[in-house]
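Order of the sequence lines sets the chain letters (A, B, ...), proteins ahead of strands, with each chain counted from 1. Any value given below was found using the heavy atoms of this structure, including those in side chains, with hydrogens, waters and symmetry copies removed.
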Protein chains: 2
Amino acid sequence: MAYRILAVDDEVALQNMIREILAADGYTVEVAGSCAEALTRFRAASPDAVLLDVMLPDGDGFSLFGQLRRERDVPVLFLSARDEDEARLRGLGLGADDYITKPFLPQELRLRLRAVLRRVYRRGSETARLGETEILWGRGTVRRDGAETALTAKEFALLKKLWDSGGNIVTIDALCQALWDGPMVGYENTLMVHIRRLREKIEADPSHPRHLLTVRGLGYRLEREAEG
Amino acid sequence: MAYRILAVDDEVALQNMIREILAADGYTVEVAGSCAEALTRFRAASPDAVLLDVMLPDGDGFSLFGQLRRERDVPVLFLSARDEDEARLRGLGLGADDYITKPFLPQELRLRLRAVLRRVYRRGSETARLGETEILWGRGTVRRDGAETALTAKEFALLKKLWDSGGNIVTIDALCQALWDGPMVGYENTLMVHIRRLREKIEADPSHPRHLLTVRGLGYRLEREAEG
DNA sequence: ACGCAAAAGTAAGGTAAACGTAAGGCTGGC
DNA sequence: GCCAGCCTTACGTTTACCTTACTTTTGCGT
């Protein structure tokens, strides 16, 4: 979530409309009114997607599109008042992800943007945050300070079980169940070893964990935000 | 390329038109005229994308969409003669990748399909980079140090499956599925041999792979950029 | 139809990462 | 201070995967 969107349009009314629509969906919206401003904001904010009007005061959206794509393969949705086939085909032909003609329904913008984001970031963005460490579920790794560490199968299953419990306490039994899919008694110690190993990968100080917390006598739980 | 596309529409004229348009672009086109037929062909051909008319003789495209997505997360583009906002929003709201209203320009269909496929399969161009080795999809070969090596059918399918997963872990089962299209149990060893052979073609040091990585207990994944 | 070469599949021994075990050391609660 | 529950470490074991050589199958040209 919390995608950053850059909207490039010179009409203030539309700017505000877009901002409202997308803000309601939880996006962070940046606005630019010209090609020059768009480039500046694009570099500064590094948005996850760009909404691009074709008509701009200091140039056309098509050439701006080329500049953006040369810098990064960012998803772009064209917005245009010109419903001419030629313009639409040109935009799509350049490699845009969608082309929406004005006036459009707010709902349609939302849905089309969502569709594009879903396709582009479905992979790679299947991540979870745990304070300063990031979990990349799809790759089976965690990242801290830019360094990526691979999880083993057991560690992965353990972390997933704890994460899926949404911060609630998970009993030793439940964890054993998840790791060995059976009423594995006598594995409590082994579980502890796996807990330790996981802590070494996700915690800054494994001996004083701030996320993977032990609840004496009950089990373990995963705290997502580490407070000071 | 050689993407497989399933077009579902009951008008024969449109069927032929779609077939011509897409065949010219090098796609393999399957056609179905009803929901029932669509499901059969979908399972048999396992297409890379589906073009779906909303109006079908034995049901509506929306519910068929649900059935397809339940089986697999395949990209779907709706085609519809109904230009009503309601239908468009419903289709997109369900999670379709695009919604094209009839009549449409052949060129627009091509471009919109291309846009979706580009995002889903990350294959904007005919070639892909894997660090120092280059994959030439159209020729079924890889190039390293200027030397071009041909891939076998199995190696190609394997590489394609891994690439299409965008760096995520692919389970042994999923890979077997892709290579033998069936729940091939007992082929795990054979798969490993193919992995090895592929590594010998794409890796500088096959025994210490930097791209085709094994994730013990989970599967394999393809890393695009090799870090030191 | 035949033979050849390339590709795919089989089998078996080897290896190391991941897992499990155990034993001694903490730490908080009574 | 003592016990129980948990931590931590080192070390042994296992199992999933690797590797190679060999056999079978497939596809193709003659």
Aromatic plane relationship, Phe78(B) with Phe65(B) - under 30° parallel, 30 to 60° tilted, over 60° perpendicular: tilted
Tyr121(A) side chain vs Asp48(A) backbone, donor-acceptor pair below 3.5 Å: yes
Asn189(B) CG to dC22(D) P, straight-line distance once rounded to whole Å: 17 Å
Nearest-Å distance for atom pair NZ/C1', residues Lys201(B) and dA7(C): 9 Å
dG9(C) OP1/OP2 closer than 4.0 Å to side-chain N/O of Trp180(B): yes
Touch class at under 4.0 angstrom, heavy-atom based, for Thr190(B) against every strand present: base
Any Arg197(A) side-chain N or O less than 4.0 Å from OP1/OP2 of dT9(D): no
Separation of dA16(D) C1' from Leu191(B) CG (nearest whole Å): 13 Å
Separation of dA7(C) C1' from Leu158(B) CG (nearest whole Å): 14 Å
Ser63(B)-Asp60(B) side chain donor-acceptor pair, cut-off 3.5 Å: yes
Sugar-phosphate only, base, or nothing, as touched by Phe156(A) at under 4.0 Å among non-hydrogen atoms: nothing
Distance test, side-chain N/O of Thr152(A) to OP1/OP2 of dC19(C), below 4.0 Å: yes
Options dA18(C), dT8(D), dA7(C), nucleotide nearest the side-chain atoms of Ser207(A): dT8(D)
side-chain N/O Arg196(B) vs dT20(D) OP1/OP2, d < 4.0 Å: yes
Atom pair distance, as rounded to whole Å: CD1 in Ile169(B) and P in dC17(D): 12 Å
side-chain N/O Arg216(B) vs dC18(D) OP1/OP2, d < 4.0 Å: no
Contact nearer the 5' end of DNA chain D, comparing Glu200(A) with Gly219(A): Gly219(A)
Integer-rounded Å distance: dC26(C) P and Ile195(A) CD1: 22 Å
Phosphate-side-chain proximity, Tyr187(B) and dA11(C), N/O vs OP1/OP2 below 4.0 Å: no
5' priority, DNA chain C, between Ala150(B) and His194(A) [closest heavy atom]: Ala150(B)
Check against salt bridge (charged side-chain N to carboxylate O under 4.0 Å, His left out), Arg210(A) and Glu132(A): CA-CA 11 Å; Arg210(A) 295 157 65 89; Glu132(A) 69 288 344; 5.5 Å; no
Residue Arg139(B) excluded, over 12 heavy atoms near CZ under 6.0 Å: no
Nucleotide nearest Met192(B) (side chain, heavy atoms from C-beta), chosen from dA23(C), dT19(D), dT9(D): dT19(D)
Nearest-Å distance for atom pair NZ/C1', residues Lys154(B) and dT25(D): 12 Å
Rounded distance (Å) that lies between atom C1' of dC7(D) and atom OH of Tyr220(A): 8 Å
